[in-house]
Amino acid sequence: QVRLVESGGGFAQPGESLSISCTASGSIHSITFMDWYRQAPAKERELVAEIGTGDITVYADSVKGRFTISRDNAENTVFLQMNSLRPDDTAVYFCRVRGISTDEWRTFDVWGQGTQVTVSS
């Protein structure tokens, strides 16, 4: 079983920065993709950023140049540094981790519990 624990987030004023992190633990053999999604009120969940093996990254157009995703493979942790925050970045941010477990080498695809990010003046 693989579990995710998210931390960080909170409140920021427009233009400020916040960071969030997500650590995976449990029966992990290897991790392929680590993603951040977000869901604003009355909107669908959307991909914010993804980092794959070899640190290949993908960003939503709305966050390019402002957000940076990174990972610490030794700690099975993914980070999202959010700069120049805007009110429309307000959402619950979820991490998603995919990989291979040590449990009969099965693939896993797990989600974090979500952490609130609020940007307001």
Side-chain angles (χ1 to χ4, degrees):
Q1 186 176 3
V2 177
R3 296 166 298 278
L4 303 182
V5 176
E6 299 180 22
S7 61
F11 178 86
Q13 294 189 338
E16 293 185 339
S17 299
L18 285 174
S19 63
I20 52 180
S21 65
C22 173
T23 298
S25 64
S27 307
I28 298 170
H29 171 267
S30 58
I31 292 175
T32 51
F33 295 98
M34 306 184 88
D35 307 329
W36 286 102
Y37 285 74
R38 68 185 180 187
Q39 188 166 17
K43 292 189 176 181
E44 296 198 354
R45 191 172 297 188
E46 62 174 356
L47 177 67
V48 175
E50 176 176 274
I51 185 165
T53 53
D55 289 345
I56 297 173
T57 57
V58 173
Y59 293 94
D61 288 342
S62 59
V63 306
K64 281 181 182 176
R66 301 188 298 120
F67 290 12
T68 302
I69 188 170
S70 60
R71 62 192 281 177
D72 182 336
N73 292 324
E75 299 294 332
N76 292 331
T77 299
V78 61
F79 306 92
L80 187 67
Q81 177 65 41
M82 302 178 286
N83 299 329
S84 302
L85 283 162
R86 308 186 309 215
D88 61 359
D89 293 318
T90 296
V92 178
Y93 285 70
F94 298 88
C95 69
R96 177 189 184 191
V97 176
R98 289 169 281 171
I100 299 173
S101 77
T102 57
D103 181 15
E104 299 182 340
W105 308 107
R106 292 176 181 170
T107 59
F108 64 85
D109 183 348
V110 294
W111 291 78
Q113 79 281 5
T115 186
Q116 178 70 45
V117 171
T118 302
V119 184
S120 175
S121 55

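In what follows, residues are counted from 1 in the order of the sequence shown.
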Distance in Å, S30 OG paired with N76 CG, rounded so as to fall on 0.5 Å steps: 9.5 Å
Pairwise distance CD(Q13) to CG(L18) - rounded to 0.5 angstrom: 11.0 Å
Linked, directly or transitively: I20 and V110 (ILVMFWY side chains, under 4.5 Å): yes
Nearest-0.5 Å distance that lies between atom CZ in R71 and atom OG in S21: 14.5 Å
Side-chain touch I51/V78, heavy atoms, less than 4.5 angstrom: yes
Test item: F79 and T68 side chains (from C-beta on) under 4.5 Å apart, heavy atoms: no
Under 3.5 Å donor-acceptor, E6 side chain and G114 backbone: yes
Any F108 side-chain heavy atom under 4.5 Å of I31 side chain: yes
Ring centre gap for W36 and F67 strictly below 6.0 Å: no
Where A40 and A91 come nearest, the two heavy atoms and their spacing: N-CB, 3.8 Å
Approximate separation, where rounding is to 0.5 Å, of D109 CG and S101 OG: 12.0 Å
S70 side, atom OG; Q81 side, atom CD - distance, nearest 0.5 Å: 8.5 Å
Nearest heavy atoms of C95 and L4, plus distance in Å: SG-CD1, 3.6 Å
Contact summary for T90 and Q116, nearest pair of heavy atoms: CG2-NE2, 4.0 Å
Under 3.5 Å donor-acceptor, T115 side chain and Y93 backbone: no
Shortest non-hydrogen separation from R98 to D35 and the atoms involved: NH2-OD2, 2.7 Å
Parallel, tilted or perpendicular, as decided by the 30° and 60° cut-offs, for the rings of H29 and W105: perpendicular
Sole candidate of L80, D89, L47 that passes side-chain contact (heavy atoms from CB on, under 4.5 Å) when paired with R38: D89
Test item: side-chain donor near acceptor, T23 and T77, under 3.5 Å: yes
Note, V117 side chain near M82 side chain (heavy atom, < 4.5 Å): yes
N/O donor-acceptor pair under 3.5 Å between Y59 side chain and G65 backbone: no
Parallel, tilted or perpendicular, as decided by the 30° and 60° cut-offs, for the rings of F94 and W111: perpendicular
Crowding at CD, E44 (>12 non-hydrogen neighbours, <6.0 Å): no
Between CZ on residue F33 and CD on residue E50, distance to nearest 0.5 Å: 5.0 Å
